[in-house]
Asker: 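One structure, pasted below without further comment.
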Protein chains: 2
Amino acid sequence: MFPKATISRFPMYFRVLTEYNHQNIALVSSEEMARKVGVTSSQIRKDLSYFGSLGIRGAGYDVAYLLAKIKEILGMDKKRRLAIIGAGKLGLALAGYTGLKQHGLEVAALFDIDQSKWGTTSGQLTVFPLTALASQKEELGMEIAVLTVPGAVAQTVANMAVQAGFKALWNFAPVRLVVPKNVIVQYEDLVVGILTLSHHLARKFG
Amino acid sequence: MFPKATISRFPMYFRVLTEYNHQNIALVSSEEMARKVGVTSSQIRKDLSYFGSLGIRGAGYDVAYLLAKIKEILGMDKKRRLAIIGAGKLGLALAGYTGLKQHGLEVAALFDIDQSKWGTTSGQLTVFPLTALASQKEELGMEIAVLTVPGAVAQTVANMAVQAGFKALWNFAPVRLVVPKNVIVQYEDLVVGILTLSHHLARKFG
DNA sequence: TACCCCTTGTGATTATTTTCACAATCTCAA
DNA sequence: TTGAGATTGTGAAAATAATCACAAGGGGTA
Ligand SMILES: NC(=O)c1ccc[n+]([C@@H]2O[C@H](COP(=O)([O-])OP(=O)(O)OC[C@H]3O[C@@H](n4cnc5c(N)ncnc54)[C@H](O)[C@@H]3O)[C@@H](O)[C@H]2O)c1
Ligand SMILES: NC(=O)c1ccc[n+]([C@@H]2O[C@H](COP(=O)([O-])OP(=O)(O)OC[C@H]3O[C@@H](n4cnc5c(N)ncnc54)[C@H](O)[C@@H]3O)[C@@H](O)[C@H]2O)c1
């Protein structure tokens, strides 16, 4: 098995490869990529080696081929649809994020318990009542539920998402969720990042 | 020195301790906390031990005391002010995020290059022209610059923030920044989280 | 005070991740 | 076709992080 951190480096590899591709660069060495990504070249080679011999000895990596491989590894070759639950500040920001599309991701609909938000379209999107979650999941073929609801209701909402058949949750609420074993939760705790900075500032400057 | 991951667990410790405090629970064991946070009890004890003997043998940890210690470690005892650069979808969502205050953080102002956004107050906040960054930093005592600008201009904006005297950058643009050694950058790459989910879905279900 | 029980704090151990270093092998030019 | 030069792929070594296991104390009770 490969380190967990390996997968977390792939999105950055994908981005720089996309750039090379854009510049019509066909071959790239691990050394060259490393400079751009900010990791060591052996780290890149090791990461890629977990998924086969993807490069060409003496030459480097074929940009187009490696891009295709990374897409496959990250599941970007198939379009994945997202349901955003909680059409608040963060939910709407994510719904309007243009960066998702280029990674094979698409927000298909939003859901909220607040009646005043229903039907409101932000961009092309519809906000459905939370009760429509299960039916719309089937209708729109959504696979990932994005939780942007207040922490106090996050567990309840997660239960509903699981009930509706979602097997993957992307949780922005600062709460640990209890879910069945076959459901994956990815936690996104933004406070960790800013408090890490705060900690460093406190250390260095008090 | 302690593992990097140690600091990343402290925000969660802080949250559960706040809950205990709210429930007037004065003492808590590492075992009890571990259940709630979702890590092992020895992990918690080890994490805390890097910062001294914070518990009471045979009894557990004094909730109020540990809270105060964690605040100190994370630099939450002093209020830190943030400058959000890029008053777009994500920047405005962060500006309106109520969770920052309870961690000693406060958004003091926003900055944007787009004239049509200047002066617009979202909540109590003002959007300043980007050129006012250095002067407002002094005026408002801001320490951390939050970068929510398009990736294409992130490096330029980072340079301006460094020029203005910011020593800590919280970067949401999917770009590796080059900054002087004495400036800290915390990267927040949301695509990593969702693509990790996508990868797992691809593995399990194709 | 003496004793028992409980939980911390921490060296030692184990697991995981990264880095090193070089044999394998590919490209390209003559 | 051959040889020089380049870069991958990967075991082995080193570094980092998590877990174990238990001695060291502290609290409560009689
Ligand atoms: N705003 C940010 O930048 C930010 C940053 C980090 C984390 N978060 C977290 O993201 C979550 C949302 O934050 P926000 O700032 O967008 O809050 P918000 O109040 O703007 O939005 C929350 C939305 O959830 C809806 N909601 C409430 N209960 C619901 C339920 N039971 N079912 C469905 N929808 C429900 C509300 O109607 C509202 O539209 C919170 O958990 C917050 O801690 C937000
Ligand atoms: N929206 C999201 O949910 C989301 C999620 C993940 C990452 N991001 C990243 O965050 C960044 C912002 O995304 P967004 O969706 O808020 O985009 P946005 O277009 O809504 O906002 C960008 C803002 O930056 C301003 N801007 C442009 N150039 C500037 C400059 N040189 N100086 C100052 N301000 C400038 C624009 O006027 C605009 O207000 C992007 O890098 C994006 O990749 C956004």
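Letters go in sequence order (proteins before strands), and every chain restarts at 1.
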Asker: If I take atom CZ in residue B:Phe2 and atom C1' in nucleotide D:dT16, what distance separates them, rounded to the nearest angstrom?
Answerer: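 Rounding to the nearest Å, CZ of B:Phe2 and C1' of D:dT16 are 14 Å apart.
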Asker: Take atom CZ of B:Arg45 and atom P of C:dT10, then tell me their distance rounded to the nearest Å.
Answerer: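 It is 11 Å, rounded to the nearest whole Å.
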Asker: What nucleotide, of D:dT8, C:dT19, D:dT19, holds the atom closest to the side chain of A:Ser42?
Answerer: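 Of D:dT8, C:dT19, D:dT19, C:dT19 is nearest to the side chain of A:Ser42.
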Asker: Could you tell me the separation between the CG atom of B:Leu27 and the C1' atom of C:dC6, rounded to a whole number of Å?
Answerer: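 Interatomic distance, CG of B:Leu27 to C1' of C:dC6: 12 Å.
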Asker: Compare the minimum distances between each of C:dT17, D:dA21, D:dA18 and the side chain of A:Pro3, then state the nucleotide with the smallest one.
Answerer: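 So the nucleotide nearest the side chain must be C:dT17.
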Asker: Quick one: B:Ile7 CD1 to D:dA18 P, roughly how many Å, whole number?
Answerer: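 Going from CD1 in B:Ile7 over to P in D:dA18 covers 13 Å.
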Asker: Once you apply a heavy-atom cut-off of 4.0 Å, does B:Leu54 come out as touching a base, just sugar-phosphate, or nothing?
Answerer: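 Sugar-phosphate contact only.
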Asker: Among C:dT19, C:dG11, D:dA21, which nucleotide sits nearest the side chain of B:Lys46?
Answerer: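 So the nucleotide nearest the side chain must be C:dG11.
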Asker: Is B:Arg9 close enough to D:dA18 that one of its side-chain N or O atoms is under 4.0 Å from OP1 or OP2 there?
Answerer: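 Answer is yes, contact under 4.0 Å.
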Asker: Just by distance, with hydrogens left out, do A:Asn159 and A:Gln155 show a side-chain donor and acceptor under 3.5 Å apart?
Answerer: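 A donor-acceptor contact under 3.5 Å links the two side chains.
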Asker: A:Ile56 or B:Tyr61: which one's nearest nucleotide on DNA chain C is closer to the 5' end?
Answerer: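 Result: B:Tyr61.
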Asker: Rounding to a whole Å, what distance do you find between A:Glu31:CD and D:dA6:C1'?
Answerer: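 The distance from CD of A:Glu31 to C1' of D:dA6 comes to 12 Å, rounded to the nearest Å.
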Asker: Does the distance from a Lys or Arg side-chain N to an Asp or Glu carboxylate O, for B:Arg9 and B:Asp47, drop under 4.0 Å?
Answerer: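 Yes, this pair counts.
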Asker: If only side-chain N and O atoms of A:Gln43 are considered, is one of them under 4.0 Å from the OP1 or OP2 phosphate oxygen of C:dT19?
Answerer: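 Checking A:Gln43 against C:dT19: at least one side-chain N or O falls below 4.0 Å of OP1 or OP2.
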Asker: CD of B:Glu32 versus C1' of C:dT8: gap in Å, rounded?
Answerer: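 One finds 16 Å between C1' of C:dT8 and CD of B:Glu32, rounded.
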Asker: Considering only NZ, NE, NH1 and NH2 on the basic side and carboxylate oxygens on the acidic side, decide whether B:Glu19 and B:Lys36 come within less than 4.0 Å.
Answerer: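 Salt bridge between B:Glu19 and B:Lys36, a charged N being under 4.0 Å from a carboxylate O: yes.
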Asker: Tell me the interatomic distance from B:Met33, atom CE, to C:dT7, atom P, rounded to whole angstroms.
Answerer: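 After rounding, the gap between these two atoms is 15 Å.
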Asker: Quick one: which of C:dT18, C:dT27, D:dA18 gets closest to the side chain of A:Ala59?
Answerer: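 Nearest to the side-chain atoms of A:Ala59, counting from C-beta on, is C:dT27.
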Asker: Which nucleotide, D:dG27, D:dT8, C:dT17, lies nearest any side-chain atom of A:Lys4?
Answerer: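 Closest of the options to the side chain of A:Lys4: C:dT17.
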Asker: Choose from D:dA17, D:dA21, D:dT10 the nucleotide whose nearest atom is closest to any side-chain atom of A:Ser49.
Answerer: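 Given the options D:dA17, D:dA21, D:dT10, the side chain of A:Ser49 is closest to D:dT10.
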Asker: Knowing that exactly one of A:Arg81, A:Lys167, A:Lys79, A:Lys78 qualifies, which makes a salt bridge (Lys or Arg N to Asp or Glu O under 4.0 Å) with A:Glu143?
Answerer: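 Checked A:Arg81, A:Lys167, A:Lys79, A:Lys78 against A:Glu143; only one passes salt bridge (Lys or Arg N to Asp or Glu O under 4.0 Å): A:Lys78.
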Asker: What's the CG-C1' distance between A:Asp47 and D:dT8, to the nearest Å?
Answerer: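 These atoms are roughly 14 Å apart.
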Asker: Quick one: do A:Lys69 and A:Asp62 make a salt bridge, cutoff under 4.0 Å?
Answerer: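 Result for this pair is no, no salt bridge flagged.
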Asker: With a 4.0 Å cut-off on heavy atoms, is A:Ser30 in touch with a base, just the backbone sugar-phosphate, or nothing at all?
Answerer: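 Result for A:Ser30 = sugar-phosphate.
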Asker: Starting at the 5' end of DNA chain C, which residue's closest nucleotide do you reach first, B:Ser53 or A:Thr40?
Answerer: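 So the residue in question is B:Ser53.
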